[in-house]
> 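Shown below is the structure under consideration.
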Protein chains: 2
Amino acid sequence: MATISDVARAAGVSPSTVSRVLNQPEAVVVAKRDRVFAAIAELDYRPSSAARNLRRGSFDTLALLVGDISQPFHGALAKSVQRAADEHGYSLLLCDLDHSRDRLIGLLHSLPKRGVDGVIIATADNLNVQPVRGALSELLDQGVAVVCGSQNIRSLGVPALVTDRVAVARDATAHLLTQGLWPIVFLGGGPGSALTRDARKGYEQACRTAGRSDDELCVINGDYRAEAAEQSVGTLLDNGVRPAGIVADNTPMALGAARALTERGLTIPADVAIVSCEDVPLGAYLQPPLSSVRTDLEDYGRRIVDVLISAIAGQDVPARTLVPHHLVVRGSSS
Amino acid sequence: MATISDVARAAGVSPSTVSRVLNQPEAVVVAKRDRVFAAIAELDYRPSSAARNLRRGSFDTLALLVGDISQPFHGALAKSVQRAADEHGYSLLLCDLDHSRDRLIGLLHSLPKRGVDGVIIATADNLNVQPVRGALSELLDQGVAVVCGSQNIRSLGVPALVTDRVAVARDATAHLLTQGLWPIVFLGGGPGSALTRDARKGYEQACRTAGRSDDELCVINGDYRAEAAEQSVGTLLDNGVRPAGIVADNTPMALGAARALTERGLTIPADVAIVSCEDVPLGAYLQPPLSSVRTDLEDYGRRIVDVLISAIAGQDVPARTLVPHHLVVRGSSS
DNA sequence: CTGAAAGCGCTTACAG
DNA sequence: CTGAAAGCGCTTACAG
């Protein structure tokens with residue numbers, strides 16, 4: 001493991017000069033620069049990131065916190081964030097929360113000692129609760145930059161890049177209502193989720209706009225996973241409710257709902273239409289292809305990383321950025 | 001940002017003592033220990049990971065290299081690896097290769113300066129080619145431990161934990177043959193893939209065992225993605241080939257194939273049965289539910305991490321571990 | 001343009 | 001059981 005002094009010695013210069021060759025090559029005369037590069041190649045020298053980090057007080061590393069990396073939406077998000085981070089010369093730490101608030105809080109506490117410059121929070125679970133807010137503000141106090149990719153965080157100065165989940169669910173619901181479908185069930189991701197709360201609002205708004213009264217609405221809850229969704233939709237059906245459409249908060253739940261339906265002999269979309277509030281890469285390849293509300297994740301990941309890196313650099317960043325969405329109609333609802 | 005000296009001053013002890021309280025608390029008398037803990041809490045002190053890493057020469061960080069994190073199998077693998085790493089006190093760096101060999105090589109070169117103790121390689125792309133082997137052996141020379149979760153790497157001393165892909169594809173193919181289905185098409189992930197090469201072998205073995213001659217076999221190639229698979233299966237069908245079964249190297253390709261079939265009015269499994277060589281979390285929720293060959297990913301991730309951490313600690317580890325698999329028969333093939 | 005020197009914040013023999 | 005001292009490998013004013 002060659003050090004900078006080894007290289008300096010081999011090249012007949014001082015360590016300072018080697019460091020300069022690495023960090024501001026133009027500041028060193030060509031002859032020496034070449035000798036240094038030759039020595040670096042010869043010794044297969046790699047700068048020690050630990051020493052560099054200690055000296056500079058930064059890490060060139062970001063952390064991504066997701067609710068569940070095994071779900072396809074989060075996988076796609078991670079991909080785009082990773083690529084964007086890479087393009088900026090940052091490594092990406094992956095942190096899976098498994099939708100657990102305790103994990104989230106524990107992680108926020110441990111992040112300062114993990115050596116990250118910035119953190120991207122992309123979990124649907126509600127962040128505006130005291131223990132999380134406390135942990136967040138401690139993290140910020142430690143000088144770690146934070147951006148949120150799922151919801152707005154009140155008053156802590158954490159920039160957010162979010163889709164308007166109310167509008168997302170409203171559009172999804174309206175799409176079904178326009179076809180004259182009723183009743184329509186909203187399948188939410190869980191009572192602890194900020195996104196579900198908003199999406200539910202959008203569902204309600206669309207229904208009211210269509211002239212439905214509140215007691216005609218039907219909201220059921222899952223936990224973002226297919227299994228629970230299958231069960232709760234199954235229970236609903238077994239209780240004699242017969243929806244004409246389902247708006248699912250995410251795609252695994254849409255699949256769970258679909259299975260509950262088909263197992264009971266119902267057909268999609270003929271008997272029941274389904275829309276997901278979340279688009280995933282394989283959505284078009286499901287059977288039937290799943291209608292969903294899409295955000296351009298490639299662009300989204302890049303923008304999140306841009307904002308975070310600006311925040312790390314101490315620049316002013318927009319407190320709130322609205323990320324556009326649009327409905328993609330596929331076979332599950334037409 | 002309090003430092004260890006601040007804490008020492010506040011507690012009226014030396015920095016050495018604070019360090020001991022953190023790293024070997026029993027070595028410090030209780031009274032002082034308590035004072036130190038109080039000072040730590042009061043100052044909200046967090047040890048600097050950079051300083052610690054520099055001093056100890058380790059990073060408490062692993063890297064996971066996957067072919068494509070947006071694909072469901074890799075998402076599930078990442079989840080289990082992340083959790084296992086976390087349980088051992090390690091952070092996990094996520095590196096998406098996007099199935100590009102150039103990215104892989106670039107990454108292997110850059111890993112030493114990213115500050116990782118160990119690397120898990122879990123890409124299907126063939127690692128036994130010179131540029132990759134060269135980059136790998138440089139990485140090992142830099143003192144970074146490596147384990148491979150997809151294939152064996154010849155002679156570099158990299159431990160591997162792999163499923164027997166030949167057997168996986170053989171089992172999948174035999175499952176279809178047993179039902180008297182023929183012809184059966186093998187849909188591979190790409191000529192550059194080590195896993196595909198093995199899987200193809202398994203397909204051929206099963207067919208021969210069933211008495212099929214080599215010129216009856218049919219192998220087509222994709223790139224692990226649904227899009228290309230849809231296209232190549234579509235072309236096959238349009239050329240008049242009418243398979244009774246398809247063995248797909250991974251799940252996205254199985255979905256692509258399924259779409260090509262259904263778009264041409266064919267039914268699964270009545271007209272064509274499908275099996276995937278890779279099980280994914282939502283496999284049971286596809287329509288029809290997808291038969292596939294399953295590996296227990298929860299267990300697998302844990303074992304990979306165990307081996308890697310042992311290797312980092314300089315312990316002897318098994319050069320090759322066979323990970324069991326079993327066929328899960330679902331609606332797509334029965 | 002270049003080098004000597006200081007210092008980032010820890011840990012760990014070493015001496016007591 | 002505890003502290004003073006050295007050193008991990010860099011970077012960066014500072015002086016020349």
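These numbers come from a predicted model, not from an experiment. Letters go in sequence order (proteins before strands), and every chain restarts at 1.
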> Any strand counts, and the cut-off is 3.5 Å on both contacts for Watson-Crick or G-U wobble. Which nucleotide pairs with C:dT2?
D:dA15
> Whole-Å distance between C:dA6 P and A:L54 CG?
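So the CG-P distance, A:L54 to C:dA6, works out to 18 Å.
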> Select base, sugar-phosphate, or nothing to describe what A:N23 touches, counting heavy atoms under 4.0 Å on all strands.
sugar-phosphate
> With nearest nucleotides of DNA chain C determined for B:S16 and B:A50 from heavy-atom distances, which residue corresponds to the more 5′ nucleotide?
B:A50
> So, does the side chain of B:R55 form a donor-acceptor pair with the base of D:dG9 at under 3.5 Å?
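A donor-acceptor contact between them is absent.
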> Look at the side chain of A:R52 and decide which nucleotide, out of D:dG9, D:dG3, D:dT11, has an atom nearest to it.
D:dT11
> Mapping A:K32 and B:M1 to their closest nucleotides on DNA chain C, which lands nearer the 5' end?
A:K32
> Testing the 3.5 Å rule here: is there a donor-acceptor pair between the side chains of A:H88 and A:D306?
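Judged by distance alone, the side chains do pair up.
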> Salt bridge check: are A:R33 and A:E26 linked by an N-O gap of less than 4.0 Å?
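Salt bridge absent between A:R33 and A:E26.
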> How would you label the contact of A:S19 with the nucleic acid (heavy atoms, under 4.0 Å): base, sugar-phosphate, or nothing?
base
> For A:D125 and A:Q151, which heavy atoms make the closest approach, and how far apart are they?
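Result for this residue pair: O-NE2, 2.9 Å.
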> Under 4.0 Å between any heavy atoms, over every strand shown, what does B:S48 touch: base, sugar-phosphate, or nothing? Just pick one.
sugar-phosphate
> Tell me the interatomic distance from B:N53, atom CG, to D:dC10, atom P, rounded to whole angstroms.
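To the nearest whole Å, that distance equals 14 Å.
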> Take the protein atom NZ of B:K113 and the nucleotide atom P of D:dT11, then report the distance between them rounded to whole Å.
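About 12 Å, once rounded to whole Å.
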> Please walk me through it: do A:E138 and B:R46 pass salt bridge (Lys or Arg N to Asp or Glu O under 4.0 Å)?
CA-CA 11 Å; A:E138 272 186 36; B:R46 321 277 176 119; 2.7 Å; yes
> D:dC10, C:dT2, D:dT2: which one has an atom nearest the side-chain heavy atoms of A:T17?
C:dT2
